[in-house]
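All remarks here apply to the structure that follows.
All values reported here derive from a predicted model rather than from experimental measurement.
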Amino acid sequence: MAQINFGGTVEEVVTREEFPLEKAREVLANETIAVIGYGVQGPGQSLNMRDNGFNVIVGQRKGKTYDKAVADGWVPGETLFEIEEALEKGTIICFLLSDAAQIELWPTVKKYLTAGKSLYFSHGFGVTYKDQTGIVPPADVDVFLVAPKGSGTSLRRLFVEGKGLNSSFAVFQNATGEARTKCIAMGIGVGSGYLFETDFYREVTSDLTGERGTLMGAIQGIFAAQYEVLRENGHSPSEAFNETVEELTQSLMPLVAENGMDWMYANCSTTAQRGALDWWKPFKEATKPVFQQLYNSVKSGEQANISITRNSQPDYREKLEVELAELRDSEMWQAGAAVRSLRPERN
């Protein structure tokens with residue numbers, strides 16, 4: 001493993017230099033990787049592994065996502081199967097359904113987890129909250145995870161561009177003695193930039209906090225607050241949206257991703273620099289108590305219980321659509337659709 005200094009904290013990570021793709025192929029040469037589910041993570045991970053030369057099959061029920069898999073080049077009867085047949089054929093079972101769907105399908109999956117097989121996750125939810133999910137793997141199988149730090153769409157896009165999305169990895173159960181090596185090989189196979197080690201509990205608590213925090217929940221709340229203040233003070237939708245979202249996502253964040261926020265502060269106008277330096281700490285002081293409350297809610301299992309309860313309801317999809325419509329139909333994101341339509345095409 002490589003040692004990297006993160007601002008004074010030394011951490012060991014796995015890069016493609018010490019664990020190249022060729023080594024990953026050797027480790028998994030005799031494995032049949034069965035990807036169960038073709039929704040959020042399934043397409044990106046399975047397509048990347050297929051393109052990297054691994055023996056991959058997909059298990060999916062007939063329907064829209066099955067048709068999508070066919071359109072992506074998975075061949076019925078050869079590399080695309082009903083879930084039960086894929087579970088039987090697979091030696092590494094990639095359980096990539098939603099958390100709620102994993103609970104429903106678990107009795108079926110468990111039947112096919114014979115001794116020596118591997119159970120792979122991209123989220124620690126099911127195993128960590130086993131008292132609520134009922135997901136308790138048999139003792140004679142390896143259990144590990146690789147969690148890309150982004151959507152399956154981003155994982156695939158970056159792979160096609162010759163880049164990689166960083167991932168965490170963790171081993172929960174090492175029945176064969178080879179779980180860690182197989183886990184890292186899977187991480188390289190799905191297209192990770194580098195891999196950092198965690199455990200199932202830390203993965204799920206950081207992930208649930210991030211999704212509800214800066215990755216989605218907090219950023220939407222901050223967007224909405226600033227947009228509304230600008231609109232209430234007479235700014236047009238175009239001006240409010242551009243100053244709130246468009247400049248951040250199209251101009252500043254790509255530069256932050258390349259060079260860091262410290263570089264951004266050092267290379268903006270003196271007026272912007274002064275304002276940013278004066279205001280970031282008040283925002284931190286205002287929001288840290290909310291993040292602490294959020295983390296405690298995750299740690300206590302409350303957020304897991306909410307997700308399981310609400311996402312398992314028969315009318316979940318109908319209720320979800322109402323909540324999503326509130327975002328989609330808001331003036332801010334209607335303005336966003338208009339602004340995106342006006343972006344010049346890059347030839």
Open item on the list: Do Lys62 and Tyr66 form a cation-pi contact, if we require the NZ or CZ to be under 6.0 Å from the six-membered ring centre and within 45 degrees of the ring's axis?
Closed with: yes
Open item on the list: Here's one to test your reading of the geometry: is the NZ or CZ of Lys23 within 45 degrees of the ring axis of Phe19 and under 6.0 Å from its centre?
Closed with: yes
TODO: May I ask you to say whether Asp199 pairs ionically with Arg202, meaning some side-chain N is under 4.0 Å from a carboxylate O?
DONE: yes
- [ ] Answer yes or no: is there an ion pair linking Arg328 with Glu323, defined by an N-O contact shorter than 4.0 Å?
- [x] no
Open item on the list: Classify the ring geometry of Tyr38 against Trp74: parallel below 30°, tilted from 30° to 60°, perpendicular beyond 60°.
Closed with: perpendicular
Task: side-chain hydrogen bond (donor to acceptor under 3.5 Å, both in side chains) partners of residues 89-102, not counting sequence neighbours, each pair once - done: Glu31-Thr91
Task: Carboxylate-amine/guanidinium proximity below 4.0 Å for Glu321 and Arg317 - done: no
Task: Test: Arg156 and Asp51 ion pair at under 4.0 Å - done: yes
Open item on the list: Tell me if the centroids of the rings in Tyr129 and Phe125 come within less than 6.0 Å of each other.
Closed with: yes
TODO: Please say whether more than 12 non-hydrogen atoms of neighbouring residues, nucleotides or ligands are located less than 6.0 Å from CD in Glu104.
DONE: no
TODO: Answer yes if the side chains of Ser297 and Glu302 hold a donor-acceptor pair under 3.5 Å, and no otherwise.
DONE: yes
Open item on the list: Is there a path of hydrophobic side-chain contacts, each under 4.5 Å between heavy atoms, that joins Phe121 and Phe169?
Closed with: no
- [ ] Identify whether NZ of Lys or CZ of Arg in Arg274 sits under 6.0 Å from the centre of the six-membered ring of Trp279 and within 45° of that ring's axis.
- [x] no
Open item on the list: Could you list the cluster mates of Ile219? Members are the ILVMFWY residues connected by side-chain heavy atoms closer than 4.5 Å, either directly or through other members.
Closed with: Phe223, Tyr227, Phe241, Val245, Leu248, Leu252, Met253, Leu255, Val256, Met261, Trp263, Met264, Tyr265, Leu277, Trp280, Met332, Trp333, Val339
Task: Gln226 side chain to Thr244 side chain, donor-acceptor N/O pair below 3.5 angstrom - done: yes
